[in-house]
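Down below is the structure, laid out as structure tokens.
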Amino acid sequence: LEKLYQYHRETYEHSLRVANTAYQFGKFINYHDYLLNDLYLIGAVHDVGKLKIPLSILNKKGALTQEEYSIIKQHPQFGFDILTKESISPYITKSVLYHHENWDGTGYYGLKSSEIPFFARIIRIIDSYDTMYYGRLYQQSLKRQEVLDELERCAGRFYDPNLTSLFINFIQLNGNS
Ligand SMILES: [Fe+2]
């Protein structure tokens, strides 16, 4: 994670926010206490594979070319490889590998609904929430309510619908993060 801090500060900060939000959300849905740390960990390392993506692509303003996009799409696999080398349990690494799956099966690997690891489904939502709320270099960030509307709109397509409505409740009750 420290390497990510040095390599790409924006991704590092995004990862920590996702980890924190994931932990709090796990608590909110009364998920098993002893698994909250794993959820935090997955949030913290979900984008660690971006270490292997050239900065010219990570920092590019505007749309990516098809080739750049296909390189970016490899970051879950890179992350999986890095973590597997560190002997992190498959249950963690699988959630990293599948954090860009869509509920309807149109994500990177085409897994759908319950085939997608539970934690990966949570990270998918929080990752999007954080990215839309805090914005990217080339994008304006959205207002909180706009982000929640967007999540709702894409529930069932990109996101697990049940988790999405829980997450929307969670954000509305908690106000921040
Ligand atoms: Fe990612």
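All values reported here derive from a predicted model rather than from experimental measurement. Whatever order the structure lists ligands and atoms in, that order sets their numbers, starting from 1.
Gln6 places no side-chain N or O within donor-acceptor distance of the main-chain N or O of Lys3, the cut-off being under 3.5 Å.
In this structure, Phe167 and Phe170 have tilted ring planes: the angle between them lies in the 30° to 60° band.
Relative to the six-membered ring of Phe119, Arg121 misses at least one condition, a distance below 6.0 Å or an angle of at most 45° to the axis.
Summarising the geometry of Leu58 relative to Ile72, their closest heavy-atom pair is CD2-CD1, 4.1 Å, with the distance given to 0.1 Å. Closest approach of His99 to Pro76, counting heavy atoms only: CE1-CG, 4.0 Å.
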> What do the steps show when you test Thr84 against Phe80 for side-chain contact (heavy atoms from CB on, under 4.5 Å), and what is the final call?
Replying inline: CA-CA 6 Å; Thr84 301; Phe80 177 84; 3.7 Å; yes

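The Fe ion (ligand 1) has Asp47 OD1, His75 NE2, His99 NE2, His100 NE2 as protein N, O or S atoms under 2.8 Å away.
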